[in-house]
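Here is the naming used below: chain letters follow the sequence lines, and residue numbers restart at 1 for every chain. From a predicted model like this one, the values you see are computed outputs, not experimental measurements.
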2 protein chains.
Amino acid sequence: MLKELQEKYGYIFEKELIEEINQVGTFKEVTEGMLLMDIGQYIRSMPLLISGAIKILREDEEGDELLLYYLEPGDTCAMTLTCCMGSAKSEIRAIAETDTQLIMVPVQKMEEWTGKYRNWRNFVFESYHTRLMEMLETIDSIAFMNMDQRLLKYLKEKTRIGKEDMINATHQQIAYDLHTSRVVVSRLLKSLEKKGMIELHRNSIKIIALEV
Amino acid sequence: MLKELQEKYGYIFEKELIEEINQVGTFKEVTEGMLLMDIGQYIRSMPLLISGAIKILREDEEGDELLLYYLEPGDTCAMTLTCCMGSAKSEIRAIAETDTQLIMVPVQKMEEWTGKYRNWRNFVFESYHTRLMEMLETIDSIAFMNMDQRLLKYLKEKTRIGKEDMINATHQQIAYDLHTSRVVVSRLLKSLEKKGMIELHRNSIKIIALEV
DNA sequence: AGCTTGCAGTAACTTTGGTTACAAAGTCTT
DNA sequence: AAGACTTTGTAACCAAAGTTACTGCAAGCT
């Protein structure tokens, strides 16, 4: 674990902090699709991403979902950071988008470290900042963009995260993430295919050219 | 200024911090409708609210607006807090919702204080937390709710902030906040009036009973 | 092979909300 | 009081996206 820690976080954290994380943290590997955290669940530790990606979802009372953003290596979950104050229950759901390696740090350490390590403090602030910015982007998408543009953005993002020009997902799964219906996704995907931007297959979408 | 400071922040901050704020901060009074911060503007100081309320808006490239949330006494602007890192430009617009008193603190002090004062640190974390939660609520609204429900929520919120059962605003202004058109707002308001929940007047809306 | 199940394509229809257009009423100015 | 401007009400229409329903197809199973 120390090796991965140094590789991904060595340049942001001071030596002693890396040491401490190495001592109290536990290494964890999760496979694609695994549920890492659900709404209403108690938060006991915070994740530091080493590799892979985690998608963060919001859900309403009726069970309708919406993708908020992805966590990537070097990220942590800002939601977790707030567990020390107020409610300790999660407001979001976290699912492994790809196979993912992460280090879990008990939340008790967090407050201690924010006083002790300047770099940790900055890391936490920066996490909050990126998360706020990503929430803003999500708001921009759903408030100002039409479904076809949102779908396009979703495909781009997913290709970036997946690191290949093939997206493995059914139309229904995409519909859940965008909080729309399967029929609408099929319709819009078909029109993208007609424009030559993608190629549709069963359970997968081949990306040809998404830009312009 | 010291009096207001002690009154509103005395129970969260330690004496020395209050002292420091008193020394470096400047007291400011703004009247309803005043623009406090615009998108793209540089952030040089952070506000601590004493009284009144500030509304925070997001805007897209075409100039379409959307109300994000309100800042109230005891709040600060989490967006400002991130100025130390990354871009120092504002991503949002801030307009005084009512006459407002606030204390402006130069941003340079922020980093210094997060190391020095534990209560300041917690205050900053808590601000981030509330802001994230409010962003989540905004997302819930625009993603999961219909316009009639959003309007109802808006009216409730605005009555709470304004502290009276009268809302002074034109349908056009409400339409801007909700990012919809004037005609739609008029339509929905009229149907609320028919249900006996509100009373419509020129430039104002009288609230009768918004709850069920 | 025949059967079942899940995925995708498509048509027809409904709903929500955005757009255009115009009238009526209130407010302000001169 | 006349005219200009703002605000609101309303009708008629349009577009985006959600819904229902049915089809064909691919994959897996017995």
Quiz item: Contact class for B:Leu189 (heavy atom, under 4.0 Å): base, sugar-phosphate, or nothing?
Solution: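 Nothing: the residue B:Leu189, judged by heavy atoms under 4.0 Å, touches no strand.
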
Quiz item: Counting any heavy atom closer than 4.0 Å, what does A:Ser181 reach on the DNA or RNA strands: base, sugar-phosphate only, or nothing?
Solution: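 Answer is base: heavy atoms of A:Ser181 come under 4.0 Å of a base.
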
How long is the line joining [atom1] of [X] and [atom2] of [N], in whole Å?
X	N	atom1	atom2	result
A:Phe144	D:dA16	CZ	C1'	18 Å
A:Ile198	C:dA8	CD1	C1'	13 Å
A:Asn168	C:dA8	CG	P	11 Å
B:Met145	C:dT16	CE	P	15 Å
A:Ile174	C:dC7	CD1	P	12 Å
B:Asp148	C:dG17	CG	C1'	11 Å
A:His171	C:dC7	NE2	P	11 Å
B:Gln172	C:dG18	CD	P	13 Å

Nearest to side-chain heavy atoms of [X], which nucleotide of [options]:
X	options	value
B:Val183	C:dA21, C:dA12, D:dT7	C:dA21
B:Val184	C:dG17, D:dT7, C:dT10	C:dG17
B:Met147	C:dG17, D:dA17, C:dG9	C:dG17
B:Asn146	C:dT16, C:dG18, C:dA8	C:dT16

Quiz item: Quick one: do the B:Ser51 and B:Gln101 side chains pair a donor with an acceptor below 3.5 Å?
Solution: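 Yes, side-chain donor-acceptor contact under 3.5 Å.
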
Quiz prompt | Residue closer to the 5' end of DNA chain D, B:Lys194 versus A:Arg187 (nearest nucleotide) | solution =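 Mapping each residue to its closest nucleotide by heavy atoms, the 5'-most match is B:Lys194.
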
Quiz item: When the nearest nucleotide of DNA chain D is assigned to A:Leu188 and to B:Glu193 on a heavy-atom basis, which residue is associated with the more 5' position?
Solution: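 The residue mapped nearer the 5' terminus is B:Glu193.
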
Quiz item: With a 3.5 Å cut-off and just heavy-atom distances, do the side chain of A:Arg182 and the base of C:dG6 make a donor-acceptor pair?
Solution: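 Checked by distance alone, the answer is no.
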
Practice problem: Classify the side chain of B:Arg202 and the base of D:dT6 as holding, or not holding, a donor-acceptor pair under 3.5 Å. | Solution: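 Yes.
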
Quiz prompt | N/O donor-acceptor pair under 3.5 Å between A:Arg58 side chain and B:Ile139 backbone | solution =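 Not a single qualifying donor-acceptor pair exists.
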
Quiz item: Is there a donor-acceptor contact under 3.5 Å from the side chain of A:Tyr9 to the main chain of A:Leu49?
Solution: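 Checked: pair present.
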
Practice problem: Return the minimal non-hydrogen interatomic distance between B:Asp99 and B:Thr31, and the atom names on each side. | Solution: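 For B:Asp99 versus B:Thr31, the nearest heavy atoms are OD1-CA, 3.3 Å.
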
Quiz item: Distance from B:Ile174 atom CD1 to B:Thr180 atom OG1, nearest 0.5 Å?
Solution: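 Between B:Ile174 CD1 and B:Thr180 OG1, I get 11.5 Å after rounding to 0.5 Å.
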
